[in-house]
Asker: 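Below is a structure I'd like to ask you about.
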Number of protein chains: 2
Amino acid sequence: MDRIKQIAYIPLFHGLSQEYLQDLSTIAIEQVVKRGEGIFSEGDEGKGFYVVISGRVKIFKLSLEGKEQILHIFGQGEPFGEVPVFAGTPFPANAEALEKTRLFYFPREAFVDLIRKTPSLALNMLAVLSHRLHQFTALVEDLSLKEVPGRLAAYLFYLSYKQKGNDDLALEITKVQLASLLGTIPETLSRILSKMTKEGIISADTHGRIRIVDRETLGKLAQGEIRLSQSNF
Amino acid sequence: MDRIKQIAYIPLFHGLSQEYLQDLSTIAIEQVVKRGEGIFSEGDEGKGFYVVISGRVKIFKLSLEGKEQILHIFGQGEPFGEVPVFAGTPFPANAEALEKTRLFYFPREAFVDLIRKTPSLALNMLAVLSHRLHQFTALVEDLSLKEVPGRLAAYLFYLSYKQKGNDDLALEITKVQLASLLGTIPETLSRILSKMTKEGIISADTHGRIRIVDRETLGKLAQGEIRLSQSNF
DNA sequence: CGTCGACTTGAGTTAACTCAAATCATGTGG
DNA sequence: CCACATGATTTGAGTTAACTCAAGTCGACG
């Protein structure tokens, strides 16, 4: 495939001249990782960052007891691992492929040079990091101020939004991973899904498909206006 | 006081030429807020960002029930509220002065223009945002993977580091605020402090002063290697 | 067809929360 | 300088959301 076209497709690089896209394609290093394979680990020195060309990657933290908290799941066109490039610190988390994934790796020096020459690239990168900060504030809010049913409801809204506002959702990830993304464990997630089904808020079909039945109640749950547990009627 | 000197003091602007510092001092708008006064609210449109000249500001989220989660506390020389400038979205959280605070406000347009002309400013800002992302990963890790005693222990280490590695710490904030920063409530924090004192890990003096007595045990707590509760001896 | 991971359900435990109340600290108006 | 008001802090008692541990069922793949 045409490397330059693949690079031009990456939102981070929108607005760059053909010449700079050419430069990028020169410095980019292609890498393919298998499902379950690690890309980097927390504490590793970061000498460059990555962009997902195809496949999916999870960024996560681990506790000593082995509990995992997923921070992000990145797919096609999304960059990750930029923090060490600009902060000069090691990777603050781990990265692992959720499926067979193709990546471009951009070494730090060449990339920073390009940023120096290209204000629009700098602004694009600032926009990416700002957006990521925004996502983190939402994650912290979820973890600290919402209960698990609220986080799940918020996630379902996010999924629905991402999937053209549809009521019929494809989970895209396993429930084990979803639990880790929501800061809980599979058992708890399972119980809450069945409770939401019993209360007629969703209908959990088979094979990671979920249908939103009562969007209004789901919204109130996501906002923390109501709770699940006992009587909700 | 000399505005240019105050602006030159801000780490974000290190490395800028005198000319650009002059430009910045032209576009900066000074603002003074009283203790407890709000600076912006979540959802507000952001047309610029702020830098603390003196005083302190908390950035926080609120739940419907009124529980607060502090995301950051910023002091002298630190910028905040940049996300809307680069992402074009509303403020994702609230900002309020913890004490009488002097700020510089930098309107978006003029600042973005300056970034376009000044690669080192762009890189400085990228470093600031990257550092902030790093802090958020730590916060998420704390909230999701550690118990409150571990978060407190990690915070005490951070404080000790910030205060020249001293064992004798000044809290700088009230315990109500510390609880909100750690994602818990004052009652819980109070109980844990007294438990840590009983176990000889710290000695909680009066007036927001804490002395680290057993640094090693505190470290194991922060890493989640041990727990407080029952027998720890 | 057997293994492994995903998923579910039951039973018991617990860290942290809510609610209530008392004490202490600070500061202001008179 | 004193009395009260307000907020910070602590302690007790009870509740609970979510966790751990255990045991299965289900489904996909080699």
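Convention: sequence-line order gives letters A, B, ...; per-chain numbering from 1.
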Asker: Measure the distance from CD1 on A:Ile185 to P on C:dG12 and round it to the nearest whole Å.
Answerer: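 Checked: the CD1 to P distance equals 17 Å.
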
Asker: If I take atom CD in residue A:Gln69 and atom C1' in nucleotide D:dA18, what distance separates them, rounded to the nearest angstrom?
Answerer: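 It works out to 15 Å between those atoms.
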
Asker: Just to be sure I understand the rule, does A:Gly150 reach a base, reach only the sugar-phosphate, or reach nothing, if contact means heavy atoms closer than 4.0 Å?
Answerer: nothing

Asker: If I take atom CZ in residue B:Arg35 and atom P in nucleotide D:dG7, what distance separates them, rounded to the nearest angstrom?
Answerer: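 Interatomic distance, CZ of B:Arg35 to P of D:dG7: 10 Å.
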
Asker: Expressed as a whole number of angstroms, how long is the span from B:Glu147:CD to C:dT14:P?
Answerer: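 After rounding, the reported distance stands at 12 Å.
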
Asker: Taking NZ from B:Lys195 and P from D:dG12, how many angstroms apart are they, rounded to a whole number?
Answerer: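 Spelled out: NZ on B:Lys195 to P on D:dG12 is 12 Å.
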
Asker: Roughly how many Å is it from CG in A:Leu143 to P in C:dC17, rounded to a whole number?
Answerer: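 Nearest whole value for this atom pair: 14 Å.
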
Asker: Of all the nucleotides listed (D:dT20, D:dT10, C:dA15), which has the minimum atom distance to the side chain of B:Pro186?
Answerer: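 Out of D:dT20, D:dT10, C:dA15, the nucleotide with an atom closest to B:Pro186's side chain is D:dT10.
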
Asker: Would you kindly compare A:Pro149 and A:Glu187 by the position of their nearest DNA chain D nucleotide and give the one closer to the 5′ end?
Answerer: A:Pro149

Asker: What's the closest nucleotide to the side chain of A:Arg227 if the choices are D:dA17, C:dA16, C:dT9?
Answerer: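 Looking only at heavy atoms from C-beta outward on A:Arg227, the closest nucleotide is D:dA17.
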
Asker: Hey, is the side chain of B:Thr184 poking within less than 4.0 Å of OP1 or OP2 on C:dC17, counting only N and O atoms?
Answerer: yes

Asker: Do the charged groups of A:Glu199 and A:Lys195 touch, with an N to O distance under 4.0 Å?
Answerer: no

Asker: Give the rounded distance in Å between these two atoms: CG of B:Leu145 and P of D:dT20.
Answerer: 11 Å

Asker: Assess whether ring pair (Phe, Tyr, Trp, His ring centres under 6.0 Å) is satisfied between B:Tyr158 and B:Tyr161, documenting all intermediate values.
Answerer: CA-CA 5 Å; B:Tyr158 156 77; B:Tyr161 165 79; 7.5 Å; no

Asker: CD of A:Gln177 versus C1' of C:dG5: gap in Å, rounded?
Answerer: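 Rounded to the whole Å, the gap is 12 Å.
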
Asker: If you look at every strand shown and take non-hydrogen atoms under 4.0 Å, does A:Gly183 touch a base, only sugar-phosphate, or nothing?
Answerer: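 Result for A:Gly183 = sugar-phosphate.
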
Asker: Within the structure, does a side-chain N or O atom of A:Lys175 lie under 4.0 Å from either OP1 or OP2 of C:dT8?
Answerer: yes

Asker: Look at the side chain of B:Arg191 and decide which nucleotide, out of C:dA15, D:dT10, C:dT18, has an atom nearest to it.
Answerer: C:dT18

Asker: Cut-off 3.5 Å, side chains only: do A:Gln177 and A:Glu68 have a donor facing an acceptor?
Answerer: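 No pair is found: no donor N or O on one side chain lies under 3.5 Å from an acceptor on the other.
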
Asker: Considering only side-chain heavy atoms of A:Ser190, which listed nucleotide, D:dA8, C:dT8, C:dA15, is closest?
Answerer: C:dT8

Asker: More 5' along DNA chain D: A:Thr188 or B:Leu189, using each one's nearest nucleotide?
Answerer: B:Leu189

Asker: Would you say the side chains of B:Arg215 and B:Ser160 form a donor-acceptor pair under 3.5 Å?
Answerer: yes

Asker: Using side chain to side chain donor-acceptor pair (under 3.5 Å) as the criterion, point out the one residue from B:Gln76, B:Glu99, B:Glu78, B:Glu172 that pairs with B:Arg56.
Answerer: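 In the set B:Gln76, B:Glu99, B:Glu78, B:Glu172, the residue that makes a side chain to side chain donor-acceptor pair (under 3.5 Å) with B:Arg56 is B:Glu99.
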
